[in-house]
There are 2 protein chains.
Amino acid sequence: MTQIDIRAFLRHQPLFQQLSDEQLEGLVPSTQEVRGIKGQVVFQRGDVCDGMYLVVYGRVKLAITSSQGAEKVIEIINPGQSFAEAVMFLGQRYPVMAQLLEDSLLLHVASDSIIAAIHRDPVFACRLLSGLSQRLHGLVRDVERYSVENAIQRVIGYLLQNDEGGEEGVGHVVSLPVNKNLIASRLNLTPETFSRVLHQLSEAGLISVNGREIILINPRLLAGYGAQNGR
Amino acid sequence: MTQIDIRAFLRHQPLFQQLSDEQLEGLVPSTQEVRGIKGQVVFQRGDVCDGMYLVVYGRVKLAITSSQGAEKVIEIINPGQSFAEAVMFLGQRYPVMAQLLEDSLLLHVASDSIIAAIHRDPVFACRLLSGLSQRLHGLVRDVERYSVENAIQRVIGYLLQNDEGGEEGVGHVVSLPVNKNLIASRLNLTPETFSRVLHQLSEAGLISVNGREIILINPRLLAGYGAQNGR
DNA sequence: CGCTACTTTGAAAAAGGTCAAACCCGGTGG
DNA sequence: CCACCGGGTTTGACCTTTTTCAAAGTAGCG
């Protein structure tokens, strides 16, 4: 039976990321772990919505079932994601059913506490809104990245993004926070491709790679490298 | 001087999509068109935030400038997107500067009206939250689609998604709402690839294409087709 | 010293994109 | 009625990018 840190988990949700410690703490009593085995139904379509869910581990299928019994999967929810928030905010009944695809651990946050907090404290609502807005911008950026930029541009974009040296001087150093496998995955590349791109950039004299330390030799040139079509 | 329908435009924003007509109408007086030419600065870093912006046409660059004058682009905002909402909800000053990359038309929605509405009416806040949540789910789905599914799977996913026939019987018909060029683009494919995939599925006897009318001959088989790795 | 996990490299294959040409089809005007 | 657009769509040949598979390095660490 895994022990998890509810506070830490809530904190990392887009919805809650902007909340103050006290505001977050206020939600903890209304949050409870929901463990279930594969195939278990979390809620049925038409049930009264009493809160939202966060997936800690496992996977959840949201689906509707027609009168004939044909099932239509609306969405698969993966770890780290949440579901039923939109319904909760509207105070409607669940328009879909939720079923566990694997043995899973969910967190259930009661709608009472969230809705009450919104009513009691408009600033609370604003923080939720801000958190979601930020996440939305991040996702939009990702979608654009994946769809219009190629591997080289994505890597360059990542390096530039993580180059915190605002100074004009020398020595822009980016140190990768995790292993290259994960970076590659986040950029939607295979580790091999990522490695090759770094090699290529290094070949071109634009960066210098030493383990997880990457020196941007000429950020300006780097930003221009790989720009092919002047849209 | 293009004339635009402010109500219709607001209505299609994720943030506002769940608002009632009256709630939306309440925002209109606080919304004004902002036209500007390429290079114009919409706001500077550090300015007091007095509202959020929607891009009708044109493009906006969000950037910060270091003390040395080096500029770092944080984000490019395209038509249909909004910016500065997150800051507005937090009531902070703008952490970036915004500059037009092209001659543009923006809509400015005053923070007063939105924040006031949130304070006055918690349901208003909930609707904003619901709209954002829904959009977030849609984007997450898109990101997953683009990154883990190949062309065939994306097309199949689209067809299944747009097959409204919940009935078990025959004749699942999907009629494309717009021309295939646009569908292809939405699926992040070239029109050629889209055409080829339809051909291939039709070849396999899973669908039958007649102009914009596509008949799903065997949705069940279709759903399984192209599933390659049993991760 | 010898793991084990991470990273790099090479060769081959697959997926998808690009370019160019053909095609289809509804509308238009002779 | 029919030739002739012109957009959308399809097809084929070719090319680029990225992945895949396999193998070899490499580095940290018990």
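Keep in mind the model is a prediction, meaning the values are calculated, not measured. Because only heavy atoms are used, hydrogens play no part in the values below, and waters and symmetry mates are left out as well, while side chains stay in. Residue numbering restarts at 1 for every chain, and letters A, B, ... go by the order of the sequence lines.
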Can you check the [X] [atom1] to [N] [atom2] distance for me, whole Å?
{"X": "Q200(A)", "N": "dT16(D)", "atom1": "CD", "atom2": "C1'", "value": "13 Å"}
{"X": "N181(A)", "N": "dT20(D)", "atom1": "CG", "atom2": "C1'", "value": "15 Å"}
{"X": "Q153(A)", "N": "dT17(D)", "atom1": "CD", "atom2": "C1'", "value": "12 Å"}
{"X": "I152(B)", "N": "dA14(C)", "atom1": "CD1", "atom2": "P", "value": "13 Å"}
{"X": "L201(A)", "N": "dT8(C)", "atom1": "CG", "atom2": "P", "value": "13 Å"}
{"X": "I214(B)", "N": "dT10(D)", "atom1": "CD1", "atom2": "P", "value": "9 Å"}
{"X": "E213(B)", "N": "dG8(D)", "atom1": "CD", "atom2": "C1'", "value": "16 Å"}
{"X": "E149(A)", "N": "dT17(D)", "atom1": "CD", "atom2": "P", "value": "15 Å"}

Stepwise salt bridge (charged side-chain N to carboxylate O under 4.0 Å, His left out) check, E102(B) with R59(B): CA-CA 6 Å; E102(B) 311 166 0; R59(B) 295 202 303 164; 3.2 Å; yes
R154(A)/E149(A) salt bridge by N-O under 4.0 Å criterion: no
Ion pair check, D21(A) and R7(A), cut-off under 4.0 Å: no
Taking every non-hydrogen atom, the tightest pair across F83(B) and L106(B): CZ-CD1, 4.3 Å
Look at the side chain of [X] and decide which nucleotide, out of [options], has an atom nearest to it.
{"X": "S195(A)", "options": "dT18(D), dG16(C), dT9(C)", "answer": "dT9(C)"}
{"X": "A151(B)", "options": "dG16(C), dT17(D), dT11(D)", "answer": "dG16(C)"}
{"X": "R196(A)", "options": "dT9(C), dT10(D), dG8(D)", "answer": "dT9(C)"}

N/O donor-acceptor pair under 3.5 Å between Q153(A) side chain and N150(A) backbone: yes
Ring centre gap for F43(A) and Y94(A) strictly below 6.0 Å: yes
Pairwise side-chain contact, S130(A) with Q134(A), heavy-atom cut-off 4.5 Å (strictly under): yes
H199(A) side-chain N/O to dT8(C) phosphate OP1/OP2 under 4.0 Å: no
Under-4.0 Å side-chain N/O to phosphate OP1/OP2 contact, N179(A) with dC6(C): yes
Donor-acceptor pair under 3.5 Å, R154(A) side chain vs dT18(D) base: no
Within residues 184-193 of chain A, residues whose heavy atoms come under 4.0 Å of DNA chain D: N188(A), L189(A), T190(A), E192(A), T193(A)
